[in-house]
Amino acid sequence: MRRASLVAMLGSFLAATALTPASAGDMTFERALNVDKEPQNWLLHHGNYAGHRFSALKDINIDNIKNLKLVFSVALGGFESGGRYKFGNLEGTPIVEDGVIYVTDGWGSVYAIDVSSGRRGVFKWKMDPGTDRAWAGDVACCGVNNRGVALWKDKVISVTLDGRLIATNKATGEVVWERKIADPALGETLTIAPLVVRDLAIVGAAGGEFGIRGYIDATDLNTGQQAWRTFTIPGAGEADNDSWKDGKDRWKHGGGSVWETATYDAATDTIYQGVGNAGPDWDPEYRPGDNKWAASVLALSPNDGQIKWGYQYTPNDPYDFDEISEHPLIEAKINGEDRKLVVHAARNGFFYALDRVNGSFVHGRQYVDQLNWTPGLDPKTGRPLNYDPAKDVQIYAEGTHGMRGQGPSRTCPSHFGGKNWEPSAYNPQLGLLYIPSIEGCNAIETVQQKDFVDQGGTIKPRERFAGGGPKTNERLYGSLKAVDPATGEIKAKLRLEYPNYSGALATAGGLVFIGAADGEFSVHDAGTLQQEWSFNIGTGINAPAVSYSVNGKQYIAVLAGSRQMPGVFANAPELKNTATASMLFVFGL
Amino acid sequence: MSVRVRGCRITALAIVAACAVATLAAARAQTPQPPALSPEEARTIAYGKDVFKTKATCQYCHKWDASGDQGYGGNALSLRKTQLTPAQMAEVVKCGRPGTGMPYHDRFAYTDKRCYGMTRADLGNDMPPAGNEFLQPREIDAVVKYLFAEAVGRGESTYEECVEFWGSDTRECEPMKDTKKP
């Protein structure tokens, strides 16, 4: 090596070292429990363990929001094709710690981006896990997705679509260890952002359209080994396995996938995990019975995965109303009594409040504009009114779901929801939960599901297992609704041109941030929901924003760039030629 | 303009090639050794594979081996078992299948009567969805040629076909390792 090159190399090494910010502190359980003491950071997927997606920062507020502007953006990768997909998507929630943003792309690459200058993002490192794209992308039902990372001690914890949990050195980007959790050979993939409680990383497998038996899985981060696995569909001899009445062990491919992060209550040491649809999605006659714990929420002990209680929203669900999305924890006074609630804006179109200690139903109320699948909920139990315990296959309302040998249904809300995985946000100061929704109706047509090969049929692992399909003839639209979780009452609402596929962020500045399919990133008054500001980034936004501050200045960060789902946007031809991108956008005053 | 050539009703552009491929495919079904392809034919088939795999993502619903699927978006037919002629298949790619989830890929389909003599207004709720990408005639021609060269009339797909489609840098074909050659 020539001397000049050596000197140059040494020089850049020293410069790089000098520019590297002081190493961030270890992420501890103590810090995770007290994120409110670090409002400059966004340390947990949902902002806090309670799932509020609320930033206490208020330098950007209702009085100065007109001055918000794009301060910089960062181009990322991850749009490579693979399996059934032409490109990967960005659905992740950024994690921000001490001026460094950690984001993922759909294939599971992790990017550590130094944003401390406030003027640009500088890559500290990129960890590309070498995902087997064809192998995983061929059994991803709904796109190439990854919803973000978790921090633990000096490591970044992430997942890959092909089923691995990876611990990466936070300072260097070096992979320290990885553990295979989900098996694409069985149709399982991982898209969830891990929930870290103490030294456990809790994730779950996606694959509800490929005949998986879903589970929630914990890894001991000190050893990289499995701590426990709890199947969402109980096995033979386990409680509630008798809610599968087919007599053919169809629970073995019963679905119940898990693909969005749980909330956690430290007071009772309980996690609240939403659980996906039963499999096959649209042929309920294939799986008579209530099909627990599909379309449910489970309260579990994070130490051992034991189920404390479960609550099923749509028994024998014929709609694909899977309920994996967030379950915020909220304290409310109801009839003069202080209640500890776990709430849920369900894909089935109802807003539910449950007692989070014992799982009992507190109240439920329709939040979508149109809902035809049930005349309402039983005020005592929250069950759909037409639920008949004597029937093994539920007919909630004729013509609202597919049945074998019948034509397409008209289903409201559409099978997309209600609200899909995209998270709500809660402003505890105003006591309002902001629900970004998909409004409108579509059609489901049932096709009799064939059995799996291990059950005497012809369906092989990795083949689709949906029992029919949807068709969207009507143009769907969206809404943002502010709901009082103590009553379920809608306090404010705003119609949106497009179904919302971004999720929401609420801030103490009296603001709510959402993104739209046409690239509009908009800010709304937290009380009236009136739009106060917007900027069009030019490609669809399918990820929720976060807020952080560095050197005393507040920023808003959001990932953008996603496939516009043809089913959802079938009737919005103006979006047809929107190209995907893979970008991080950062806004500030 | 359309003409009828040896059972194939086709428009001017596609004439000889489409039927020639059909004839080749029929010949191959009877003999184990496929006839050598000209460089031009090989290029067209490779181009068609890219349309099928990536550009139009036909495999999303039809599966990589075109054997059909009970898909999240509906049921896609097996193109390995199809009885369609190349011209008919090209028409379905162009126009979709009314009343089903099979999308149309001609940007101007149903704006006039080029597809089955019908317009969007005639079809109402039976209007098929638009493809993720619209295709030019040469792309439709190529994807049809690809399918007739690699899928139509073939039995169950094999491990070797899988590796040919996906490459050998993925586990994708491992579950098929025990598949016997037809």
Side-chain angles (χ1 to χ4, degrees), chain A residues 81-87 130-142 162 183-186 208-210 280-283 320 407-408 415 443-445 447-450 459-474 563-567 569-571 573 576-577, chain B residues 50-65 67-76 96-105 107 111 120 123-134 156-157 162-163 165-179:
Chain A
S81 65
R84 296 180 194 241
Y85 296 95
K86 199 169 172 178
F87 40 74
T131 299
D132 187 334
R133 298 202 307 267
W135 178 236
D138 205 22
V139 287
C141 76
C142 312
D162 60 6
D183 189 356
L186 304 174
E209 282 67 48
F210 286 87
D281 305 45
W282 294 299
D283 185 9
D320 187 21
H415 86 281
I444 296 165
E445 189 158 12
V447 175
Q448 183 169 347
Q449 180 61 54
K450 294 172 192 154
I459 301 293
K460 297 183 197 120
R462 295 173 58 80
E463 288 184 0
R464 281 195 170 104
F465 188 71
K471 190 171 181 194
T472 306
N473 287 323
E474 302 171 41
R563 180 179 69 115
Q564 300 310 318
M565 294 173 68
F569 300 107
N571 304 299
K576 178 166 174 52
N577 295 314
Chain B
D50 185 58
V51 172
F52 179 82
K53 184 179 181 183
T54 307
K55 178 162 183 183
T57 335
C58 313
Q59 50 124 347
Y60 181 83
C61 294
H62 287 282
K63 285 178 68 175
W64 69 268
D65 62 357
S67 64
D69 203 356
Q70 195 179 37
Y72 199 58
N75 291 301
R97 292 181 71 221
T100 76
M102 173 66 200
Y104 65 90
H105 294 85
R107 187 153 73 92
T111 59
R120 180 179 286 268
L123 283 169
N125 269 356
D126 285 335
M127 178 72 191
N132 287 344
E133 297 280 352
F134 292 132
E156 292 238 336
S157 52
C162 183
V163 172
F165 187 87
W166 291 110
S168 52
D169 58 348
T170 168
R171 288 186 61 195
E172 172 75 21
C173 302
E174 271 185 23
M176 299 184 68
K177 259 189 172 160
D178 298 330
T179 312

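Hydrogens, waters and symmetry mates are skipped; everything else that's a heavy atom, side chains included, is used.
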CG-NZ distance between B:D126 and A:K471, expressed to the nearest 0.5 angstrom: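 If I round to the nearest 0.5 Å, the distance is 6.0 Å.
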
From B:F134 atom CZ to A:N577 atom CG, the distance as rounded to the nearest 0.5 Å: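 So the CZ of B:F134 and the CG of A:N577 are separated by 7.5 Å.
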
Of the non-hydrogen atoms in [X] and [Y], which two are nearest, and what is the gap between them?
{"X": "B:T57", "Y": "A:R84", "answer": "CG2-O, 2.9 Å"}
{"X": "A:G83", "Y": "B:Q59", "answer": "O-NE2, 2.6 Å"}
{"X": "A:K86", "Y": "B:T54", "answer": "CD-O, 3.3 Å"}

Electrostatic pair A:R133:B:E172 at N-O distance under 4.0 angstrom: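 Looking at B:E172 together with A:R133, the answer is no, because their closest N to O distance does not fall below 4.0 Å.
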
Side chain / backbone / both / neither for B:E174 at chain A, heavy atoms under 4.5 Å: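 When you check distances to chain A, no heavy atom of B:E174 falls under 4.5 Å.
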
Contact check, side chains of A:W135 and B:P175, non-hydrogen atoms, under 4.5 Å: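 Result yes, sub-4.5 Å side-chain heavy-atom pair found.
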
Short side-chain to backbone donor-acceptor contact, A:K576 and B:N132, under 3.5 Å: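 Flag set: sc A:K576 to bb B:N132 pair under 3.5 Å.
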
Main-chain N/O of B:R171 paired with A:D132 side-chain donor or acceptor, under 3.5 Å: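 Yes; at least one donor-acceptor contact below 3.5 Å.
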
Greatest number of heavy atom pairs closer than 4.5 Å to chain B - which of A:S81, A:G467, A:A185, A:P461: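 Top option by heavy-atom pairs under 4.5 Å: A:G467.
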
Among A:K460, A:E445, A:Q449, residue most engaged with chain B (heavy-atom pairs, under 4.5 Å):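 Of the candidates given, the most pairs with chain B belong to A:Q449.
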
Residue pair B:K63, A:E463: steps toward the side-chain contact (heavy atoms from CB on, under 4.5 Å) verdict: CA-CA 9 Å; B:K63 285 178 68 175; A:E463 288 184 0; 3.4 Å; yes

